[in-house]
Amino acid sequence: DTGVSQNPRHKITKRGQNVTFRCDPISEHNRLYWYRQTLGQGPEFLTYFQNEAQLEKSRLLSDRFSAERPKGSFSTLEIQRTEQGDSAMYLCASSLQGSVEQYFGPGTRLTVT
Amino acid sequence: KQEVTQIPAALSVPEGENLVLNCSFTDSAIYNLQWFRQDPGKGLTSLLLIQSSQREQTSGRLNASLDKSSGRSTLYIAASQPGDSATYLCALGGANNLFFGTGTRLTVIP
């Protein structure tokens, strides 16, 4: 395990369907972050976990979004009742507590048709 | 709210040229500043990290500077190569997350 992994890499779904993405951080990292990146923009922070605790959520994280990290290892991000505006790249990053450097995964590209 | 601006949005240069990418920000109360590289459809690769107490960092052909008082950072790339073609993002480190600019898309022409 040499880096952050995300699955799936691509997801195409129809509007109104639910989708779930998975992120596996670097094994010893206890902090995990989710970001969203739309076309032509920089990533925007969604939420972060320290171990299993979700400590901060952005206003971008509407009620249709939920993130979990039940055992303090991998995390899932679920979007319910997807909308076309949810189409974006969803990036996951991890870091060690006390370290400022975040390591990013390859992202999951979501297309809502 | 932190706002991060990157100029230019796109840049095309011939191979071998030296170039400078700019990043400006509105809130100087930052923990650090990072420069990332993003290839099309891919995740982010960290290039350089400057702590808030530092003025610059160097790695190979890359040099990044930070001037908190003026709210500016630059990324200098020496002797550009076609493999440097990518989008370059600067990100300001807050307490628990990163604030990104919109990026500069660099094309190095062979």
Side-chain angles (χ1 to χ4, degrees), chain A residues 2-11 21 23-26 30-50 53-61 67 88-111, chain B residues 1-10 21-27 29-54 57 59 64 66 73 75 86-106:
Chain A
T2 58
V4 179
S5 62
Q6 292 187 245
N7 288 288
R9 295 292 308 277
H10 301 91
K11 178 71 177 178
F21 312 139
C23 171
D24 287 87
I26 294 171
N30 59 348
R31 285 195 169 188
L32 186 148
Y33 310 79
W34 285 99
Y35 292 82
R36 181 177 73 180
Q37 185 178 24
T38 53
L39 203 60
Q41 301 297 313
E44 296 174 288
F45 170 76
L46 292 177
T47 188
Y48 97 95
F49 292 82
Q50 182 165 300
Q54 187 174 19
L55 296 186
E56 188 171 339
K57 293 194 290 187
S58 160
R59 287 174 296 173
L60 293 175
L61 213 64
M89 174 81 87
Y90 290 84
L91 293 163
C92 175
S94 69
S95 72
L96 280 169
Q97 184 177 352
S99 170
V100 298
E101 195 155 9
Q102 296 182 22
Y103 295 82
F104 282 79
T108 294
R109 178 165 295 285
L110 172 66
T111 302
Chain B
K1 178 191 169 190
Q2 179 73 270
E3 293 185 8
V4 186
T5 303
Q6 291 189 246
I7 295 173
L21 307 181
N22 297 291
C23 172
S24 60
F25 49 95
T26 55
D27 186 350
I30 62 172
Y31 288 72
N32 56 76
L33 184 144
Q34 285 186 253
W35 282 92
F36 290 88
R37 169 187 173 135
Q38 186 172 33
D39 292 286
K42 303 291 179 62
L44 280 64
T45 301
S46 180
L47 298 173
L48 290 165
L49 184 151
I50 310 176
Q51 301 284 4
S52 64
S53 59
Q54 297 175 321
Q57 282 287 337
S59 176
L66 173 62
S73 175
L75 177 66
T87 295
Y88 291 81
L89 294 154
C90 70
L92 285 303
N96 297 309
N97 57 46
L98 296 172
F99 298 93
F100 284 87
T102 53
T104 294
R105 188 172 68 253
L106 173 66

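The structure displayed is predicted, hence computed values, not measured ones. Below, chains carry the letters A, B, ... as their sequence lines are ordered, and counting in each starts from 1.
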Quiz item: Residue by residue, which of residues 45-54 of chain B have a heavy atom closer than 4.5 Å to a heavy atom belonging to chain A?
Solution: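 Residues in range: Ser46(B), Leu49(B), Gln51(B).
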
Contact between [X] and [Y] at the side-chain level, heavy atoms closer than 4.5 Å - yes or no?
| X | Y | result |
| --- | --- | --- |
| Arg31(A) | Asn96(B) | yes |
| Pro43(A) | Leu89(B) | yes |
| Tyr35(A) | Leu98(B) | yes |

Quiz item: Do you know which of Gly103(B), Gly41(B), Gly93(B) has the most heavy-atom pairs under 4.5 Å to chain A?
Solution: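 Max contact count across the listed options: Gly41(B).
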
Self-check item: Max heavy-atom pair count under 4.5 Å with chain A, selected residue of Cys90(B), Ala9(B), Gly43(B)
Solution: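 Most heavy-atom pairs within the cutoff with chain A belong to Gly43(B).
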
Quiz item: Distance only, no hydrogens: is a donor on one side chain within 3.5 Å (strictly under) of an acceptor on the other, for Gln34(B) and Gln102(A)?
Solution: no

Quiz prompt | Atom group of Phe36(B) that falls short of 4.5 Å from chain A, counting heavy atoms | solution = side chain

Exercise. Could you tell me which portion of Asn32(B) (side chain, backbone, both or neither) has an atom closer than 4.5 angstrom to a non-hydrogen atom of chain A?
Key: side chain

Self-check item: Heavy-atom proximity to chain B below 4.5 Å, by part of Glu101(A)
Solution: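 Both parts, backbone and side chain.
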
Quiz item: Applying salt bridge (charged side-chain N to carboxylate O under 4.0 Å, His left out), which residue pairs with at least one partner in residues 39-53 of chain B are found, sequence neighbours left out?
Solution: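 For residues 39-53 of chain B: Arg37(B)-Asp39(B).
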
Practice problem: Look up atom CZ in Phe45(A) and atom CG in Asn97(B), then write down how far apart they are to the nearest 0.5 Å. | Solution: 4.5 Å

